Structure formats: C-alpha cells, structure tokens
Amino acid sequence: MLRLAKAPPLYILVLATATGPVAMQIWVPAIPGLINVFDVTYAAAQFTLTFFLVGMSVAQLAYGPLSDRFGRRPVMIAGLGLYVAGSVLAALAPSLTLLIFARVLQALGGVAGMVLSRAIIRDVHGRDRSATMIAYVTMAMVAAPMVSPYLGGWLDTNVGWRAIFVATSVFGAVVLVLATLRLPESNTERQALPGLGGFFAGYPALLRSLPFNAYAWQHAASTGIWFSFLGGAPFLISGVLGLPSQVWGEWFIISAFAFMTGNFLAGRLSERLGIDRMLLTGTLISYCGVGALFTGALMGLLSPASLFLPISLISIGQGLSMPNALAGVVSVNPRVAGTASGLSGFLQLGTGAIATQIVGRLLGETALPLAIIMLCFATVSLTFCLIAVRIGPRTRGYELASATAAARKEDPAA
C-alpha cells in the first residue's frame with residue numbers, strides 16, 4: 001500500500017541538500033592558485049570544477065533508482081560517506097590528478113542530498129505540501145553558494161587551499177552523523193529493479209510520460225535562462241564594461257536574495273494555491289523579467305543595473321516556479337519519486353551546460369545575443385508550463401487511483 005511515512009527533521013534535509021553546492025562553490029576561488037601549486041595551466045586546474053559538474057550530473061541518474069530499490073536512508077548515508085571520503089582525499093592529494101579524482105568522489109557523494117531530499121519530501125507529504133517543503137529546502141542551494149565563495153577565498157588566502165577540504169570534511173561528517181542518528185526511512189514501497197536493464201527501466205517510462213516531461217522540461221528550460229545569464233553576464237561586465245569582478249559578486253547577492261524571496265513565498269503559498277497555479281505565476285514573472293532584459297538590450301542599454309534588475313525579477317519568478325515544478329516531477333508517479341528526481345536533475349544540469357556553451361559561442365559586444373538566448377529558453381519554459389498546468393490534474397488522478405487500488409488489494413470487497 002502506498003502510504004506516507006514519518007517526516008524527518010527538515011534541517012537534516014537542508015544540510016544534506018547543501019553539501020553538493022557548498023563543495024562546488026567553496027573551491028572556485030582557490031582554482032587559480034593551483035597553477036603554482038602543481039605547476040599546471042589554468043585549463044588543467046579548471047578540471048577540478050569541470051569533472052565535479054560531470055560527476056554531479058551523472059550520479060543523479062543512479063541515486064533515484066537505488067533509493068527506490070534499497071530505501072532513501074541507506075543510500076543517503078552512503079552518499080554522505082562518499083562525500084566525506086572525497087573531501088579527506090582532496091585535502092591530502094599530492095597531485096592534480098588525485099585531486100581531480102577526489103573531487104569526482106565529492107560530487108558523487110554530494111549530489112545524494114540534492115536528489116534524495118526531494119524524494120524524501122514526496123514520500124512524507126502530499127503533492128501540494130511537497131512544493132512548500134521543497135521550496136524551503138531549495139533555499140539551501142541558494143544560500144550555500146552565496147556564503148561558500150567568501151569562506152573558500154578566506155581559507156585559501158589565510159590558511160591554504162587544503163583547509164577548504166578540511167572544512168568540507170567536517171561539514172560532511174556532521175551531516176553524516178545527523179543523518180545516521182535522526183533520518184528515518186521514508187520509502188515504504190520498495191521497487192524491485194532486476195538486473196542492469198531493470199536498474200534503468202524507470203527512465204524510459206518517465207520519458208514517455210507527458211506530465212513528467214511537462215514539469216521536467218519547464219524546470220530544465222527555466223534553468224537554461226539562469227545558466228545563460230551566468231555564462232554571458234560576467235563577460236559583459238568585465239570584458240565589455242571593464243568593471244572589476246567584485247561588481248559581479250555584489251550584484252549577484254541581490255539576485256540570490258531575490259530567488260530566496262521567491263522560495264519563501266512558494267513555501268508560504270504553494271499548499272494553499274496549488275502547484276500548478278504557482279508554477280504558472282512564477283513562469284510568467286520570469287518571462288516578464290526576460291522581456292525587460294530583452295527590451296533594454298534592443299535599446300542598447302548595458303550596465304550592471306540593466307542586467308541584474310531584470311535577472312532579479314527572473315529569480316523571484318524562478319523561486320516561485322522551480323519548487324512547484326519539482327513537486328510536479330516527483331508526483332507523476334510517487335512510487336519512483338527518486339528516479340524522477342534524479343532524471344529531472346540530469347536534464348537540468350545538461351540543459352545548463354548546453355546554455356553556457358551556446359552563450360559562449362554567440363556572445364558579442366552587446367547584451368542582445370544573451371537576451372535572445374534567454375528569451376528562447378523562457379519561451380520553451382512557458383510552453384511546457386502551459387502544458388503542465390493543463391494536464392497537471394492527471395498526477396492527482398494517479399495518486400487517487402493508486403490509493404483506491406491499494407485499498408481494493410487489501411480489501412477485495414472495497
């Protein structure tokens with residue numbers, strides 16, 4: 001019978017979700033220093049970030065099915081253990097090659113919290129309540145990148161780059177202990193996955209599901225808007241306007257707070273208004289923000305304000321829409337919520353990677369190419385949003401049908 005399990009402490013899910021973003025962002029300020037430490041080029045040092053992202057992307061595909069089969073708790077604990085092991089190995093790494101390998105281990109372990117926290121929330125809460133809880137947990141993925149670069153830069157300058165991995169080791173160990181002591185099992189309906197083919201069997205079924213594709217691709221395309229901005233705005237600010245890089249950091253905090261504001265509002269309103277209404281509201285707000293940036297670009301405006309004021313509006317909209325899109329993703333079939341969460345995360349990072357490559361190839365001396373690319377992703381996001389809103393009731397119908405079928409199984413006379 002499909003039944004809701006006991007809810008775990010929310011702070012554990014928040015901390016577990018933050019492990020991956022913390023490890024990714026805290027390391028960035030120290031990358032240039034590796035040129036002298038290991039006598040390598042900057043491109044080689046950059047592999048410590050590139051392979052981290054690759055590891056996060058691929059691992060999301062595995063954690064979902066593993067947790068659907070073996071349970072959320074043991075897979076989460078294993079992932080956190082791998083995260084700690086990778087952090088310790090990175091702190092002791094005598095060469096760049098071993099450091100890159102350690103970073104991959106960090107990524108493989110750190111992404112567990114991002115994938116499984118969403119699945120756990122769906123295990124213990126209904127469809128609309130899931131959006132509220134996911135919104136609060138998602139705030140950790142914004143707060144962590146806001147603070148981590150400052151901490152990483154301070155540690156690198158005052159203590160040394162190895163201290164960064166000592167810090168992530170301690171952080172990971174604390175989260176691991178808390179999860180071991182306080183995280184209950186939430187997956188009450190284990191799904192058998194026979195053989196290697198069975199391990200990935202859930203993905204084709206999800207990719208054939210129109211509701212899953214609608215929510216997942218709305219989320220992925222919305223992410224494409226943000227990654228397009230990340231790939232192009234720094235060049236426009238530093239390369240075209242000639243402003244110092246700290247200007248980017250100062251304005252970035254504004255947009256990060258805007259996203260957190262959207263998350264907070266989603267947490268307060270999603271259960272009351274429903275995920276589809278919130279998804280549409282957030283997507284429309286983001287589209288207006290992209291439209292404002294596009295209009296400014298057409299007028300030839302280029303300044304930090306002309307870039308970051310629209311992206312702040314976009315961020316508010318994404319803060320509203322993304323938790324609700326994720327709630328829709330994991331509600332299409334709650335029995336494989338982990339698989340759905342992992343596949344959605346893979347599509348999200350893959351779309352983001354593609355967006356940065358497109359921007360890198362087309363960016364010029366004005367903001368117009370960037371604005372056009374962002375407008376394309378925004379249009380795709382809005383299109384899938386409208387599809388999701390139209391067919392969203394099917395996911396609620398699935399839950400009702402599942403509950404009815406389970407009741408009849410236990411009591412044939414029902």
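These figures come from a predicted structure and were not determined experimentally. Basis for what follows: all heavy atoms, side chains included, without hydrogens, waters or symmetry-related copies.
Considering all non-hydrogen atoms of both residues, A266 and N324 come closest at CB-ND2, 4.2 Å. The nearest pair of heavy atoms linking S315 to W226 is OG-CZ3, 3.9 Å. Pairing each heavy atom of I12 with each of L183, the nearest pair is CD1-N, 4.2 Å. Between H219 and S344, the shortest heavy-atom distance links the atoms ND1-OG, 3.8 Å. The shortest non-hydrogen separation linking Y63 to G109 is OH-CA, 3.7 Å. When all heavy atoms are compared, the tightest approach of F38 to P94 is CE2-O, 3.6 Å.
Of the possible donor and acceptor atoms, one in the side chain of E185 sits under 3.5 Å from a partner among the backbone N and O of R73.
For R162, the CZ atom sits in a packed shell: over 12 heavy atoms of surrounding residues, nucleotides or ligands are nearer than 6.0 Å. Dense packing is recorded around CZ of F171, with more than 12 heavy atoms of other residues, nucleotides or ligands lying under 6.0 Å away.
To the nearest 0.5 Å, atom CG of residue D276 and atom OH of residue Y215 are 3.5 Å apart. Interatomic distance, L89 CG to S169 OG, rounded to the nearest 0.5 Å: 9.5 Å.
Side-chain contact check for S67 and R72: at least one donor-acceptor pair (N or O, by modelled atom type) lies under 3.5 Å. A donor and an acceptor atom, one from each side chain of S381 and Q218, are located under 3.5 Å apart. S117 and T17 share a donor-acceptor pair across their side chains, judged by distance under 3.5 Å alone.
Looking only at side-chain heavy atoms (C-beta outward), W217 and T351 come within less than 4.5 Å of each other.
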Checking side chain to side chain contact (heavy atoms under 4.5 Å, CB included) for the pair L236/L241: CA distance, chi angles, key distance, verdict? CA-CA 6 Å; L236 293 174; L241 295 177; 5.8 Å; no
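For Y11, the side-chain contact (heavy atoms from CB on, under 4.5 Å) partners are P9, L15, L178, R182, not counting sequence neighbours.
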Indicate every side-chain donor-acceptor pair of residues 373-380 with a distance under 3.5 Å to a residue at least two apart or in another chain.
unit_1	atom_1	unit_2	atom_2	d
T379	OG1	Y287	OH	3.2
T379	OG1	L375	O	2.9

